[in-house]
Amino acid sequence: MDLRGRALQLLTLREPAAKVQAVRAWVEALTPDTELDPQAILDEPPGLPGWPERPPLVPPAQLPQRSAFDLAGRAALLHAVAHIEYNAIALALDAVWRFAGLPRAYYFDWARVAGEEALHFSLLQQHLGTLGHAYGDFAAHDGLWTMAERTRDDVLARMALVPRTLEARGLDVTPAMRARFARAGDLRAAEILGVILRDEIGHVAIGNRWYRWLCARDGLDPLQAQNLLAQRHRAPRPKPPFNLEARRAAGFDADELAALHAAAQRPVTRPTSR
């Protein structure tokens, strides 16, 4: 089975521990000679992605606010991060199998991202165990996969709105979360979040690189295309403060950062009643 076919097979797995172990083993075995057919059109099986029976998925508004300064709150916050990382595994695998006709490097980039997301999930799951919990113990939401569904037919939209928008949001919020865990005395959680932040800069950079490559291929202005895609697919509004240092490291240029600030300050328009 070639790289894209295996990515699809892994995406269908439902049990988290088996999925994570299989993804990490797959990525560790990759070589430049790994079989890959970029042109193949793969049939989508029903039920993607393979989700476990737990955690229960609820709308984001139904999730309670948690504090890092008590044991249950720390466990719930780490569970929320673990859920994001589990979604990120699925998003990376989906980026590998779904979109045909791209350079070989694109597929290997997102396969390696899947491996790093699997490592992040493993680190969080292990630490949750020291707090008396496991993945699935708390409710979670599926907002990340919702955007995957909206961009399922457009690789440009996927690159614009998942790594460059949703995952880039993690660059903004992770430092404050890491600091909260450190103040609460959970230095291991803070350390894990530091690893995640470091790797996510690289993941967003991969999204930036392939987004710009696609824009150049199609003769599109990256800023204009980003705005149109965000409107078309109902992307979440950017929220300051922004981690400018991390975003620059991930490849956002001065014009993009200025546009980000402008979008955050733009008044929200609501439909008028007649």
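When reading the values below, keep in mind they use all heavy atoms of this one structure, side chains included, and skip hydrogens, waters and symmetry mates. Here the structure is a predicted model, which means the values were calculated and not measured.
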[Y] backbone acceptor or donor facing [X] side chain under 3.5 Å:
| X | Y | value |
| --- | --- | --- |
| K239 | A264 | no |
| R112 | V27 | no |
| Y106 | G101 | no |
| D2 | D37 | yes |
| Q226 | A160 | yes |
| R150 | H233 | yes |
| N208 | A250 | yes |

Q) How about E167 and H203: does a side-chain donor come under 3.5 Å of a side-chain acceptor? A) no
(Q) Ignoring hydrogens and geometry beyond distance, is a side-chain donor-acceptor pair present between H127 and D186 at under 3.5 Å? (A) yes
(Q) Ring-plane angle category for Y86 and Y135, please: parallel below 30°, perpendicular beyond 60°, tilted otherwise. (A) tilted
Q) Can you say whether the rings of W145 and W51 are parallel (under 30°), tilted (30 to 60°) or perpendicular (over 60°)? A) perpendicular
Q: State plainly whether the residues R152 and D94 are in salt-bridge range, i.e. N to O under 4.0 Å.
A: no
Q | Cationic N near anionic O, under 4.0 Å, D137 to R54 | A | yes
Q) Does E245 CD have over 12 foreign heavy atoms under 6.0 Å away? A) no
